[in-house]
Protein chains: 4
Amino acid sequence: MPKKINKEEKKANILEASIKVFAKKGVAKTKISDIAEAADIGKGTIYEYFRSKDEIFVASFHFFLEKVDSVISRRLNRISDPLEKLLAYSSAWAEICEGNNLEYATIVLDFWAESIRNNREAIALNLVKVYDENRKIVKSLLEDCITKDKTSSVDTKIAASILIGSLEGLFIQWILDRSAFDYKEAAKISTKIIIDGLKKGD
Amino acid sequence: MPKKINKEEKKANILEASIKVFAKKGVAKTKISDIAEAADIGKGTIYEYFRSKDEIFVASFHFFLEKVDSVISRRLNRISDPLEKLLAYSSAWAEICEGNNLEYATIVLDFWAESIRNNREAIALNLVKVYDENRKIVKSLLEDCITKDKTSSVDTKIAASILIGSLEGLFIQWILDRSAFDYKEAAKISTKIIIDGLKKGD
Amino acid sequence: MPKKINKEEKKANILEASIKVFAKKGVAKTKISDIAEAADIGKGTIYEYFRSKDEIFVASFHFFLEKVDSVISRRLNRISDPLEKLLAYSSAWAEICEGNNLEYATIVLDFWAESIRNNREAIALNLVKVYDENRKIVKSLLEDCITKDKTSSVDTKIAASILIGSLEGLFIQWILDRSAFDYKEAAKISTKIIIDGLKKGD
Amino acid sequence: MPKKINKEEKKANILEASIKVFAKKGVAKTKISDIAEAADIGKGTIYEYFRSKDEIFVASFHFFLEKVDSVISRRLNRISDPLEKLLAYSSAWAEICEGNNLEYATIVLDFWAESIRNNREAIALNLVKVYDENRKIVKSLLEDCITKDKTSSVDTKIAASILIGSLEGLFIQWILDRSAFDYKEAAKISTKIIIDGLKKGD
DNA sequence: CATGAATGAGATTTCATTCAT
DNA sequence: CATGAATGAAATCTCATTCAT
């Protein structure tokens, strides 16, 4: 009887390792042997689970998105107040990065860049979908935050894009220069400012 | 010194070409021969002007920043009203992109990723400086926009970071999916919302 | 010794499979896993019966020759007329191929090439022996065919080589392009022509 | 001004070298580095002229066929008597082999085997075409050899196939065991027997 | 015994850089 | 100066063989 193995688990192991190496060295400079070493397996073993380096890249991208998604939704599920939810959402990225003690920032930039370049392919669609879903979540949270009797003249879909955009834009600045400001603080302020601005706008 | 000028012109020509190719294929997947072809010169000629691919990368980054900076400051100089200035600043990126018909976003992401990862002094410091300067500009414009009698409790430096962040964050979303919203419109709204939010906040 | 028999059966099973795959993909491009799959056993199991891929190659060659030999001699034993025997011999290859629905030609060419190139005693000697035996059989059949009163000036050993050669040469042409001619028909004609030629020659 | 190079000449050089190595080691066991070494160039240079090892294989196959063709037709052009032409044709292969002091036999077997396996592809069609042309040449030579008043009942197209087949079949036997008979002698005898057989047959 | 997951030696292929022309 | 042919270091990828289960 042969050793029976959980292929999906092993794949996840490899992706876990690849994400770590991608984050540290960058996707372009990561060699298959680096991933193998990080996963503590042989170079050839990688090819038992993935057909090519590119396939690993795409798979690790999806894997990463799913993981981030699940972390964020788990976190949001524990909160009921919409403003609190928004604030929790705002600081999630920073905590994911810090919590994993990993430079996820760079891998995200690599993923973004690659997604944009391969705009029409599966990987980009996935990211587009992720943004769409996030915009919907934030949109509905924003609508809950703004008093019902005072409808803002601003489209909440665009407002959601702006909020998400500000969080990511801040994130980039913060990653480049962590002394520029405190990310969590800035994220919270951004959220509040945008809500305030929406309430006032009319 | 006509020769010197000629040399600088040729270098600029190569950098123009390299930026185009970097944007389209990504820095990592760009071959020296791609750049040579785009610049319409021989592969070996590149090495008359740059010592290595890496030197081209760094130089093209600086070249790119200078170009963007000059476009933006030229544009701002023609405007006096602070709010108008802010709005002009907001939409600058989109126009740079559209005007050049180039996915500048991807090259910026590559630059970001590379500078963060390798902590390259030449690039990273430069990028930090650029953000610092931009924050200062936006900070002072924001202060001009907010009525003097109503001082917001929010630090305008952080507010500037938030505004810049939202513009870049929106930019990324827009590049990924141009049907999600109209970038210029969203940039304008974001600027207004943040100003409104700042005015209200206390 | 039931175990021994079982073992031989399994070996034969693997060789059957390997011959099929060798014929389809070529010896060089055949992977051990291909053979395992064709034999419907595990990859590792192969190594319970053979020490290496090369050993399989040599063994499958012998196995193949034995099989062809037994088919031909069984067929010839049922016939007594020497001309009929020769004609039966002539069409044997085509029937072996068609009966097995296999491109035996390619495996034979691989075997030939490999034995010539590497001067492998195990294979080459065997092949030389096979040809020698066949030439002897055909030689004696030819001698029976030619009327005793008219001895041809041609050495019947060379004549046998020519007959065998023509059958194999036709076989190659036919395998390459089955629409070129009908193999069995051509084999029969070749046999007759050569006998006629021998009878006339003086 | 760059070094100007004749690409086709260089390609021919590489093919010349590859054929030598293929003949010695077999197509399957030949490494790119073997070819590079034989051509006395760098490993990477090969890829300036051919996209892959497989492309080299196909190209060298065509190159080889052309070369053999030109040798044979040059030889035939110098002869006018049809029987002499046939005999010259018969011994051509042996002389090509001996004259080049190369084991062309094995490369031919490799090419045959590969052609048969990839039956529907370009390489096979080429070989099919070569046989077709040769059959036509031999057919017309045969028709010239047989007296006009005595039409043989045998289709000369099949007779041509048989003659070509016998030459190649003898060639294989001779390559396997050069002591079995003298190839040129056997080729000549075969040609005569077949002509005699054709004349008598009806 | 039978298995197939794991392996790494060794093959193919890429491409930044050099350098003769 | 300008060039592109040549190169080989270094990457990707393959697969015969081993071995724990």
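By convention in this document, chain letters (A, B, ...) are assigned in the order of the sequence lines, proteins followed by strands, and residues within each chain are numbered from 1.
Taking atom CD1 of D:Ile46 as the reference point, atom C1' of E:dC15 lies 16 Å away to the nearest angstrom. Remark: C1' of F:dA10 and NZ of A:Lys29 are 15 Å apart, rounded to the nearest angstrom. In this entry the distance linking CZ of D:Phe50 with P of E:dT12 reads 15 Å, nearest Å. Counting to the nearest Å, the C1' atom of F:dT17 and the CD1 atom of C:Ile35 are 13 Å from each other. Put simply, CD1 on B:Ile41 is 10 Å from P on F:dG4, counting in whole angstrom units. Computed from coordinates, the C:Asn13 CG to E:dA2 C1' distance equals 14 Å when rounded to whole Å. For the pair C:Lys53 NZ and F:dT17 P, the interatomic distance rounds to 9 Å; values are reported in whole Å. Between the P atom of F:dA2 and the OH atom of B:Tyr49 lies a distance of 4 Å, rounded to the nearest Å.
Take the nearest nucleotide of DNA chain F for A:Ser52 and for D:Lys7: the residue whose nucleotide is more 5' is D:Lys7. Residue A:Asp40 is the one, among B:Ala28 and A:Asp40, whose nearest nucleotide of DNA chain E lies closer to the 5' end (criterion: closest heavy atom). Remark on DNA chain F: of its neighbouring residues B:Gly44 and A:Ser33, the 5'-side contact belongs to B:Gly44, judged by nearest-heavy-atom nucleotide. Residues C:Glu48 and D:Lys31 both approach DNA chain E. Their nearest nucleotides, taken by heavy-atom distance, put C:Glu48 toward the 5′ side.
Taking the six-membered ring where tryptophan is involved, the planes of B:Phe22 and B:Phe111 are perpendicular, since the angle between them exceeds 60° and thus also 30°.
Residue B:Ile32 places its side chain closer to E:dT17 than to any other of F:dA10, E:dT3, E:dT17. Between E:dA2, F:dT12, E:dT14, one nucleotide has an atom nearer to the side chain of D:Tyr47 than all others, and that is E:dT14.
Partner assigned to F:dT7 is E:dA16, using Watson-Crick or G-U wobble distances below 3.5 angstrom.
Here D:Thr45 reaches the OP1 or OP2 of F:dT7: one of its side-chain N or O atoms lies under 4.0 Å away. The side chain of B:Lys10 places no N or O atom within less than 4.0 Å of a non-bridging phosphate oxygen (OP1 or OP2) of F:dC1.
If you take CZ on D:Phe61 and CD on D:Glu66, they are separated by 11.0 Å, rounding to the nearest 0.5 Å.
Within 4.0 Å (heavy atoms only), B:Lys43 reaches at least one base atom of the nucleic acid.
We find that C:Glu16 and C:Lys67 are joined by a salt bridge, their nearest charged nitrogen and carboxylate oxygen being less than 4.0 Å apart. Using a 4.0 Å cut-off between charged nitrogen and carboxylate oxygen, B:Lys11 and B:Glu48 do not count as a salt-bridge pair.
Distance alone, capped at 3.5 Å, places no donor-acceptor pair between the C:Asn13 side chain and the C:Lys10 backbone.
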